[in-house]
Participant: 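Below you will find the structure I want to go over with you.
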Amino acid sequence: MADSFDIVFKGATLVNHTGEGEADLGIRGGRITAIGDISEGLADETIDATGLHILPGVIDTQVHFREPGMEHKEDLETGSRAAVLGGVTAVFEMPNTKPPTTSREALASKVAAATGRMHCDFAFFVGATHDNVDELDELELLPGAAGVKVFAGSSTGNLLVDDEETLARVLANIRRRASFHSEDEARLNDRMSLQREGDPSSHTEWRDPIAALVSTERLLRLATEAGKRIHILHVSTAAEMGLLALHKDVASVEVTPQHLTLATPDAYDRLGTRAQMNPPLRDRAHQEQLWWGLSQGVVDVLGSDHAPHTFDEKSGSYPATPSGMPGVQTLVPVMLDHVNAGRLSLARFVDLTSAGPQRLFGIAGKGRIAVGYDADLTIVDLKAERVVEDAWLGSKCGWSPFTGQTFKGWPVGTVVRGRLAMWDGELGTADGAPVRFGEALPKA
Ligand code: DOR
């Protein structure tokens with residue numbers, strides 16, 4: 001155990017491998033170096049965290065930060081600002097930028113643009129295309145790569161791999177767990193006429209539960225045939241959740257706070273096109289099954305699918321409006337409010353936001369409060385009640401589907417490798433670095 005510390009947090013309740021209990025936490029050189037009773041006077045900085053809970057840093061495994069190419073919506077700095085203001089210590093960013101992250105050069109340029117500029121740590125998904133299938137096994141192992149992302153149904157941008165032959169080739173060629181946007185493109189195309197001009201609620205009718213189910217059934221079959229692991233992003237339907245519960249050997253499951261919290265028809269009545277996302281929000285019956293999956297352990301991780309579009313873009317007339325809503329900054333308060341309401345335990349929240357991402361993606365040195373791990377911490381006040389105000393938001397898009405709503409349970413501090421990236425709503429200096437993965441450790 002180190003006998004001096006850069007920072008010691010005193011008196012908080014730690015949520016870690018021993019369960020939940022009061023203990024001091026010592027940090028040195030960006031790592032956790034002691035848990036327990038730490039004597040006074042050994043630290044450069046001592047922070048009294050009495051009454052607060054310290055969780056392993058929240059890792060948001062699905063965000064869209066729009067850089068390069070759509071920086072009027074968001075960029076890597078502002079997206080990560082939103083992340084740390086909301087208690088998130090690391091993000092996995094999606095490849096549907098302009099140009100998309102589909103080559104070695106595009107990935108390297110994102111890593112370079114993010115290093116030391118993002119407020120949190122990061123990794124980037126590599127998008128699968130018909131042209132890069134044969135290189136994916138190399139691309140997925142490059143520094144800063146979170147793995148391969150496949151749009152099996154089209155959403156924002158033009159990344160799409162929807163034919164079985166290419167999907168099978170992707171799975172055959174990669175070794176890491178690939179992540180999928182799962183909606184059946186052929187069915188979406190067939191049903192396009194169900195979109196009603198000016199009526200965003202028809203989005204949910206067009207992109208129906210069968211489109212999601214058919215696609216997820218196909219991906220499960222292809223993954224089983226290939227003997228590969230897959231990750232189904234933002235699961236939104238009851239039938240998929242039931243099916244995925246039968247395939248935990250090959251498939252992991254993400255749900256979003258939006259699908260757990262907002263439901264049709266109410267969300268469209270209140271938010272209009274701001275409630276438009278892919279896969280779409282659904283009714284309470286589907287939402288109840290997402291909560292069933294969450295309570296039964298079927299769900300592995302929460303991802304915010306932070307997908308910012310400007311208020312102007314969202315103010316057009318459906319279906320010309322883009323799909324997606326921001327969420328990286330509200331993930332923690334929205335879900336802690338559910339914890340306070342008794343819908344999940346704090347331990348399960350930790351399982352879904354740090355241990356879960358670590359287990360699925362093989363993250364090295366993060367995802368756990370333990371000696372030797374990166375000092376990535378999400379420090380929360382479970383009793384704090386606050387209203388989401390636009391002025392609090394770090395995202396360039398400047399709005400949230402939760403604006404005006406009160407949530408109980410709020411992030412107070414965000415610590416990234418021992419650095420205070422956010423404390424009491426104030427940002428620290430940005431010093432984000434690539435997340436490392438056990439399957440692709442960089443050589444020293
Ligand atoms: O609603 C969505 N928006 N779903 C996605 O899968 C993509 C995202 C975006 O990039 O805007």
Side-chain angles (χ1 to χ4, degrees), residues 60-76 78-79 82 91-102 110 124-125 127-128 146 148-162 178-185 188 195 200-204 206-207 211-212 215-216 219 231-237 240 254-262 264 267-268 271-282 302-314 316 318-328 330-331 395-397 399-401:
D60 184 345
T61 44
Q62 192 188 175
V63 303
H64 302 263
F65 281 175
R66 308 302 192 202
E67 180 181 340
M70 290 169 285
E71 288 91 342
H72 68 285
K73 298 178 197 271
E74 194 77 286
D75 64 40
L76 293 169
T78 57
V91 295
F92 292 4
E93 206 263 348
M94 285 295 164
N96 56 336
T97 44
K98 286 183 188 162
T101 325
T102 53
K110 271 196 178 177
F124 298 106
F125 280 104
V148 171
K149 159 77 183 278
V150 186
F151 282 91
S154 55
S155 190
T156 303
N158 53 14
L159 284 176
L160 178 67
V161 175
D162 62 338
S179 298
F180 289 85
H181 181 112
S182 181
E183 289 184 282
D184 183 62
E185 186 67 9
L188 297 184
Q195 295 177 337
S201 74
S202 62
H203 196 65
T204 295
W206 165 42
R207 302 181 85 110
S215 169
T216 296
L219 294 172
H231 181 53
I232 308 293
L233 297 158
H234 38 42
V235 171
S236 62
T237 69
E240 280 176 288
E254 177 199 78
V255 293
T256 72
Q258 298 90 295
H259 288 105
L260 290 168
T261 311
L262 304 170
T264 64
Y268 288 119
L271 299 165
T273 50
R274 276 174 290 147
Q276 178 192 335
M277 70 178 291
N278 301 329
L281 297 177
R282 307 204 189 269
L302 292 168
S304 75
D305 192 9
H306 178 82
H309 300 284
T310 66
F311 200 80
D312 264 8
E313 290 164 337
K314 286 297 245 182
Y318 183 83
T321 38
S323 295
M325 51 180 98
V328 70
T330 45
L331 183 154
S395 169
K396 261 191 203 175
C397 81
W399 63 276
S400 160

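Order of appearance sets the numbers: ligands from 1, and atoms from 1 within every ligand.
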Participant: Identify all N/O pairs between ligand 1 and the protein with a separation under 3.5 Å and present them as a table of atom names and distances.
Facilitator:
{"unit_1": "ligand 1", "atom_1": "1 (O)", "unit_2": "N278", "atom_2": "N", "d": "2.8"}
{"unit_1": "ligand 1", "atom_1": "1 (O)", "unit_2": "S323", "atom_2": "O", "d": "3.4"}
{"unit_1": "ligand 1", "atom_1": "1 (O)", "unit_2": "G324", "atom_2": "N", "d": "3.3"}
{"unit_1": "ligand 1", "atom_1": "3 (N)", "unit_2": "S323", "atom_2": "O", "d": "2.9"}
{"unit_1": "ligand 1", "atom_1": "4 (N)", "unit_2": "S155", "atom_2": "OG", "d": "3.3"}
{"unit_1": "ligand 1", "atom_1": "4 (N)", "unit_2": "N278", "atom_2": "O", "d": "2.8"}
{"unit_1": "ligand 1", "atom_1": "6 (O)", "unit_2": "S155", "atom_2": "OG", "d": "3.3"}
{"unit_1": "ligand 1", "atom_1": "6 (O)", "unit_2": "H181", "atom_2": "ND1", "d": "3.1"}
{"unit_1": "ligand 1", "atom_1": "10 (O)", "unit_2": "H64", "atom_2": "ND1", "d": "3.2"}
{"unit_1": "ligand 1", "atom_1": "10 (O)", "unit_2": "R66", "atom_2": "NH1", "d": "2.9"}
{"unit_1": "ligand 1", "atom_1": "10 (O)", "unit_2": "N96", "atom_2": "ND2", "d": "2.9"}
{"unit_1": "ligand 1", "atom_1": "11 (O)", "unit_2": "R66", "atom_2": "NH2", "d": "2.8"}
{"unit_1": "ligand 1", "atom_1": "11 (O)", "unit_2": "T156", "atom_2": "OG1", "d": "2.7"}
{"unit_1": "ligand 1", "atom_1": "11 (O)", "unit_2": "H309", "atom_2": "NE2", "d": "3.0"}
{"unit_1": "ligand 1", "atom_1": "11 (O)", "unit_2": "S323", "atom_2": "O", "d": "3.1"}

Participant: Going by atom types only, do S182 and S215 share a side-chain donor-acceptor pair under 3.5 Å?
Facilitator: yes
Participant: Among R66, Q276, K314, which residue satisfies the side chain to side chain donor-acceptor pair (under 3.5 Å) criterion with H309?
Facilitator: R66
Participant: State yes or no: are the ring centers of Y318 and H203 separated by less than 6.0 Å?
Facilitator: yes
Participant: With respect to N278, which candidate in H181, R207, H234 satisfies the side chain to side chain donor-acceptor pair (under 3.5 Å) definition?
Facilitator: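 That would be R207; it is the only one of H181, R207, H234 passing the side chain to side chain donor-acceptor pair (under 3.5 Å) with N278.
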Participant: Compute whether any side-chain donor of one residue and acceptor of the other, for E313 and H72, lie under 3.5 angstrom apart.
Facilitator: yes
Participant: Look at K110 together with E67 and state whether they make a salt bridge at an N to O cut-off of under 4.0 Å.
Facilitator: no
